[in-house]
Amino acid sequence: MNITKVVIPVAGWGTRSLPATKNIPKEMLPVYKKPAVQYVVEEAMQAGLTDVVFVNNQNKRSLEDHFDRNLSLELVLKRAGKKDLLEEVLRVSNMVNIISVRQKEQLGLGHAVACAQEVVKNEHFAVLVGDDLIFSAEPAIAQLVEVAKTEQMPVVGVMEVPKEKVSNYGIIGGEEISPGLFRVKKLHEKPRPEEAPSRLAVVGRYVLPPDIFSYLEKVQPDSQGEYQLTDALHFLARENRLLAVKVSGRRFDIGDWVDYLTANIYFGLKDEELKQELTKSLKELLACSS
Ligand code: UTP
């Protein structure tokens, strides 16, 4: 199994993050010094995936521009002798070949993935959800790719969530075949806590087979009119063709304000130059608000 392509859906409206996202894509909101989506692209690159396919819409072109050259800015930085910044700007521009497809109507994650069919063609591919950041020594998607190649099976990434949060996620039910590896028997999209088959939630990392597109065609819209990727995965699970890997790492959902703000602090604290002052400032803030 050769996996080179990664589909990154970024076409959603980001309504949970309004009004910040009225004119700025949610995936372009800064997390410390970089837009959120850059972390997602870097994770894919670190895992050795080479071709990034953004599923985008007409209002979010700044996202593609971020990974393109900006000749005027480069000239300004060059003239000002800001070598380090110039190098960083060029590094981002050279990070990926931009392949972009349009999702003309925002009909859900399953629909967004289906929009990439013509580019993906007949290959296994990875999906990284553009607003889901996961940090670990071994990139989250690399953990999935490794299992997919060894087991020759599609794989989803899961993480344990508190019982009261299961209704925000797709939850898997299955059998643990080795530590942290599950054969998925069923998937419930946003179950009530008492009906959830486990507390293992599908997070935004997947390795999918090309025939997922035929299953996506069979998916019916949910009560919100959205086509869910989870429903297509359910078909794979029913055929005993789906594994789940418990992903290790720290996850931030950029559409959730607590996660978003925590992610900024997380990276700020990792910067040695900032750490001391930021810690002091946070302590003062906490003392005032308690
Ligand atoms: P979300 O459900 O978190 O994003 O989808 P959203 O729909 O933009 O946000 P809210 O719920 O209105 O706040 C996860 C990812 O899938 C993309 C989003 O851009 C986001 O990165 N997505 C979602 C699409 O590309 N198309 C869709 O139709 C829906």
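Residue indices begin at 1 and follow the sequence shown. Ligands are counted one by one from 1 in listed order, and the atoms in each one are counted from 1 as well.
- For atom 25 (O) of ligand 1, the nearest non-hydrogen atom of the protein is Ala11 N, 2.8 Å.
- Arg91 has no carboxylate O lying under 4.0 Å from a charged side-chain N of Glu87, or vice versa, which leaves the two without a salt bridge.
- Contact between His111 and ligand 1 is absent, with no heavy atom of the residue lying under 4.0 Å from the ligand.
- Atoms of ligand 1 lying under 4.0 Å from at least one heavy atom of Leu107, given by number and element, are 28 (O).
- By the 4.0 Å N-to-carboxylate-O rule, Arg16 lies close enough to Asp253 to be salt-bridged with it.
- Of the candidates Gln103, Gln106, Lys60, the one placing a heavy atom closest to atom 26 (N) of ligand 1 is Gln103.
- In the vicinity of Ala112, heavy-atom distances shorter than 4.0 Å reach the ligand 1 atoms 24 (C), 25 (O), 26 (N).
- Contact check for Asp222 versus Glu189: no side-chain heavy atoms found under the 4.5 Å cut-off.
- Proximity to Trp13 (heavy-atom distance under 4.0 Å) selects the following atoms of ligand 1: 8 (O).
- Atoms of ligand 1 lying under 4.0 Å from at least one heavy atom of Leu109, given by number and element, are 16 (O).
- Residue contacts with ligand 1, taken as heavy atom pairs separated by less than 4.0 Å, do not involve Glu226 at all.
- Side-chain polar atoms of Gln103 and Asn57 form no donor-acceptor pair below 3.5 angstrom.
- Between Ala36, Gly12, Ser17, it is Gly12 that holds the heavy atom closest to atom 23 (C) of ligand 1.
- The aromatic rings of Tyr39 and Phe267 are tilted relative to each other, their planes meeting at an angle between 30° and 60°.
- An N or O contact shorter than 3.5 Å is missing between Val129 and ligand 1 by distance.
- For ligand 1, the atoms lying closer than 4.0 Å to a non-hydrogen atom of Val10 are 19 (O), 25 (O).
- Scanning all protein heavy atoms for the shortest distance to atom 20 (C) of ligand 1 gives Glu27 OE2, 3.5 Å.
- Of the candidates Cys115, Gly130, Pro9, Gly14, the one placing a heavy atom closest to atom 8 (O) of ligand 1 is Gly14.
- The closest protein non-hydrogen atom to atom 11 (O) of ligand 1 is Arg16 NE, 3.3 Å.
- Residues Leu107 and Glu226 form no side-chain contact, since every pair of their non-hydrogen atoms from C-beta on lies 4.5 Å or further apart.
- Under the 4.0 Å criterion applied to side-chain N and carboxylate O atoms, Glu43 and Arg205 are assigned as salt-bridge partners.
- Look at Gly108 and you'll find a heavy atom under 4.0 Å from some atom of ligand 1.
- With values rounded to the nearest 0.5 angstrom, Asp259 atom CG is found 8.5 Å from Arg250 atom CZ.
- Relative to the six-membered ring of Phe182, Lys246 misses at least one condition, a distance below 6.0 Å or an angle of at most 45° to the axis.
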